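Single-structure report; data block below.
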2 protein chains.
Amino acid sequence: MAPNPATSDTAAPDAFAPDTAAPPDATPDAPARALTRECIAAAALRVLARDGLAGLSMRKVAAEVGVKAASLYWHVRNKEELLDLLNDALVAGAELPPRTGDWRAQYLEYGRRYRALLLATRDAARIVAGRLATGPHILAVLEDQLDRLRGAGFTDADAAMASYLLSAYVQGFVLQEQSPLSAAEAAGATRGEAARAAGEVFRTLPAETHPNLVALAADLTDPDMDARFEFGLHRLADGLAALLPTPRPAPGREPR
Amino acid sequence: MAPNPATSDTAAPDAFAPDTAAPPDATPDAPARALTRECIAAAALRVLARDGLAGLSMRKVAAEVGVKAASLYWHVRNKEELLDLLNDALVAGAELPPRTGDWRAQYLEYGRRYRALLLATRDAARIVAGRLATGPHILAVLEDQLDRLRGAGFTDADAAMASYLLSAYVQGFVLQEQSPLSAAEAAGATRGEAARAAGEVFRTLPAETHPNLVALAADLTDPDMDARFEFGLHRLADGLAALLPTPRPAPGREPR
DNA sequence: ACCTGAACACCGTTCAAGT
DNA sequence: ACCTGAACACCGTTCAAGT
């Protein structure tokens, strides 16, 4: 087993200068050519955007950074840890919503931006979804989000829950949105076509056994994912609003 | 390219006898030894339970059913389609909640049972999450769920949305719950330990830059996932309740 | 109609060996 | 300290060939 220094600093908030992508390299007369984990993460991000998660191999990431596959294992314990790095690198591109409007508006905007961030990179949701890794960029976003929720009057426990709830929803939603609708659809077909095809499946089911699917075929396969996302987001915000002591008039006006 | 009959019946509701796992095989004097897609799906389910998604290979599924890997490609276009089969097989074990109580109680129970179903099989959430495939069992559940929502007074569009919303939430939640918390946790560590370790990370952050993470360390890493799930589920239900014309007293009583 | 042997082009990971 | 060559044990998929 080779000596592997990439061990305990995975979760440590190193290199936390707010945004300045400063090349560290503290050692004075080093060859200055040593690979950094940041550099590997950036290369992985490029491979992901180009080839998707299925095409993201250690060998390709290594080639992207001009090195052999085996070399990566000096900086990273295994592929799983590389994906953790990639996870944080994805969130690094996040822009926090402005602190204008009430907590509800900011919460909604947080959800929208998170979704947009995931949609911007191919297969991003599949990487982020099952990964609680606490990279520095993720911690920064979480810190800001909790600050707003507590400021809005949520209890500590409720603020923590509300934050978790939002990420579970957004990740679950985008995962559906970003993934191929089915094996059939994977073989080239736009989302609109796939939706129409799915609607056709529903519509042509036997009405005796599946009356609701037949009737709601159009509603179930509406390709307007923005509207669908907004719907869920507003339900979440309404549900959270009911937890606060002072719901200005009452939640639930403006039903749609 | 070999002639492959497994093509257009992916989404067709074939073999839809409600629960009776009837071996079809319409041909009279066939060797009766031909592999069925149901049989392959069942074998895949066993391999999944045993070895997880990472260990689910075509070769292993073939071995499980007593055949060579290449043989599977007669019944299934590729691995993706096998996962579609697996997806529906997973849902086949679902039991619908009783039709007692109001729509809200039934909606909550739907969410709980869906979560329990996913938790019951290793990596189930990762299979189900990005897959809209319309297998017969999935269609049956969807039909029933829509029927209850419409009966409760939701509009067609809202019923479709509410159903989609629930599955996005449950899938997103269980995905987080079921996946390794990080690369570090993947190397043997119970969830409680991992949660405690994550809490330690939060607690020991610099308080100047991350005051909220430090303060909420315990709330953020509470390992009681049941409570966490219920929280989100109730927020969803509250948000949906606000859409109905007759909220008996008003949503939001009993805040916790 | 259904299954197999053998091959192709890949994987992640390890480890002695180089510098 | 960092990187490489070469190997190991796997993959998914294809396709001619068997029955």
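A note on names: the letters A, B, ... follow the listed sequences, proteins ahead of strands, and every chain is numbered from 1. All figures in this text were calculated on a predicted structure; none of them were measured in a lab.
Separating the CG atom of B:N78 from the P atom of D:dC11 is a distance of 17 Å, rounded to the nearest angstrom. One interatomic measurement links the two molecules: NZ of B:K60 to P of D:dA9, which rounds to 16 Å at whole-angstrom precision. The separation between A:D51 atom CG and C:dC10 atom P is 12 Å, rounded to whole Å. Following rounding to the nearest Å, A:L53 (CG) and C:dC11 (P) show an atom-to-atom distance of 13 Å.
Nearest nucleotide to the side chain of A:M58, out of C:dT4, D:dC3, C:dT13: C:dT13. Each of D:dT13, C:dT14, C:dT4 was ranked by its minimum atom distance to the side chain of A:Y73; first place goes to C:dT14.
Using modelled atom types, no side-chain atom of B:D123 and backbone atom of B:R126 make a donor-acceptor pair closer than 3.5 Å.
Between A:K79 and C:dG12 there is a side-chain polar atom (N or O) within less than 4.0 angstrom of OP1 or OP2. Checking the phosphate oxygens (OP1, OP2) of C:dT4, a side-chain nitrogen or oxygen of B:S71 falls inside 4.0 Å. Considering only side-chain N and O atoms, B:W74 lies nowhere under 4.0 angstrom from the phosphate OP1 or OP2 of C:dC3. The phosphate of C:dA1 (OP1 or OP2) has no side-chain N or O of B:H75 nearer than 4.0 angstrom.
At a threshold of 4.5 Å between non-hydrogen side-chain atoms, the residues B:S167 and A:Q176 count as touching. The shortest distance between side-chain heavy atoms of A:V201 and A:T221 does not fall below 4.5 Å.
With a 3.5 Å ceiling on both atom-pair distances, the Watson-Crick or G-U wobble partner of C:dA6 is D:dT14.
Each of A:A70 and A:G55 lies near DNA chain C, and the nucleotide nearest A:G55 is the one positioned closer to the 5' end. Each of A:R59 and A:K68 has a nearest nucleotide on DNA chain D; the 5'-most of these lies closest to A:K68.
A:S57 comes within contact range of the sugar-phosphate backbone alone, with a heavy-atom separation under 4.0 Å but no base atom that close. Across all strands shown, B:L72 has no heavy atoms under 4.0 Å from either base or sugar-phosphate atoms.
The OH atom of B:Y110 sits 9.5 Å away from the CG atom of B:L166 when rounded to the nearest 0.5 Å.
Checked against a 6.0 Å centroid threshold, the rings of B:Y169 and A:Y169 do not count as neighbours.
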